[in-house]
Number of protein chains: 2
Amino acid sequence: MESLADYFKVFSEPNRLTVLETLRTGPLNVTAVVEKTGLSQALVSKHLKLLTIAGVVRRRPEGSLVFYEVIDKGVFQLLAQARKLMLASRRQQLDALAAIL
Amino acid sequence: MESLADYFKVFSEPNRLTVLETLRTGPLNVTAVVEKTGLSQALVSKHLKLLTIAGVVRRRPEGSLVFYEVIDKGVFQLLAQARKLMLASRRQQLDALAAIL
DNA sequence: TCACGTCATAACGACAACGTGATACTACAT
DNA sequence: ATGTAGTATCACGTTGTCGTTATGACGTGA
């Protein structure tokens with residue numbers, strides 16, 4: 001996690017966001033995430049690793065399972081704020097378009 | 001701007017963030033941004049275009065100059081919140097490391 | 001009209017990220 | 001010890017993104 005840009009990059013991938021959303025309600029093991037998302041196991045594993053490296057998620061082995069959980073639920077606030085800004089931008093775009101027509 | 005991930009992608013590039021920061025204090029024309037950042041003119045133009053498409057920035061031609069300005073300064077709050085989370089993650093990482101050693 | 005400053009775009013090469021299929025590794029049960 | 005379920009990783013091909021160089025387009029003033 002070098003720069004701020006790198007941090008944003010963590011959330012700039014649809015499947016990774018999907019995986020992250022999966023953990024909103026609580027810890028899950030890899031297979032559970034796979035089933036919830038429909039993504040391949042290898043892919044889920046990769047994204048979880050990235051999220052772990054980024055410090056967004058914590059890895060907790062338990063027997064033969066490995067559970068992952070969001071460390072700071074504040075990330076979801078970040079997602080929410082970004083979504084809000086995005087929608088506002090979209091509205092503004094439409095207004096600008098309407099002004100032309 | 002299809003998905004939320006795409007929106008995050010806008011902020012996931014160091015040079016693009018640099019360009020955006022340049023506009024924090026107010027509108028600037030392209031050449032001014034080029035001088036402030038030290039990036040090539042073509043590159044600045046590209047990033048500004050992307051920021052415009054994303055609805056983060058507004059393009060305003062004025063004579064032979066083209067000014068760009070941030071539409072919703074709330075984006076800087078987003079940057080700030082992300083930075084805060086990033087630093088918190090970093091602290092947590094170090095704590096986890098310290099616990100091992 | 002011509003030249004110049006400003007900005008945008010095209011074409012290209014370099015490199016990174018994504019997803020997949022196959023394989024290794026681990027813990028546990030038989 | 002062998003098998004099995006769960007997880008991680010490797011190697012690979014594909015695609016996307018970044019930055020550069022060169023060129024095009026536009027407005028302005030001489």
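Just so we're on the same page: letters track the sequence lines, and every chain starts at 1.
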A correct 5'-to-3' footprint of nucleotides 8-23 of chain C, with B, S and - meaning base, sugar-phosphate only and no protein heavy atom under 4.0 Å, is BB-B------SBBB--

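Using a 4.5 Å heavy-atom threshold, the side chains of Leu17(B) and Leu79(B) count as touching.
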N/O donor-acceptor pairs under 3.5 Å from side chains in residues 41-59 of chain B, not counting sequence neighbours:
from, atom 1, to, atom 2, distance (Å)
His47(B), ND1, Arg16(B), NH1, 3.4
Thr52(B), OG1, Leu48(B), O, 2.6
Arg58(B), NH1, Glu69(B), OE2, 3.3

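In this structure, the separation between NZ on Lys36(B) and OG1 on Thr31(B) is 14.0 Å, given to the nearest 0.5 Å. To the nearest 0.5 Å, atom CD of residue Glu2(A) and atom OH of residue Tyr7(A) are 15.5 Å apart.
Computed from coordinates, the Ile53(A) CD1 to dA8(D) P distance equals 12 Å when rounded to whole Å.
Residue Asn29(A) has a polar side-chain atom (N or O) positioned under 4.0 Å from OP1 or OP2 of dT7(D).
Without hydrogens or angle criteria, Lys73(B) side chain to Arg24(B) main chain gives a donor-acceptor distance under 3.5 Å.
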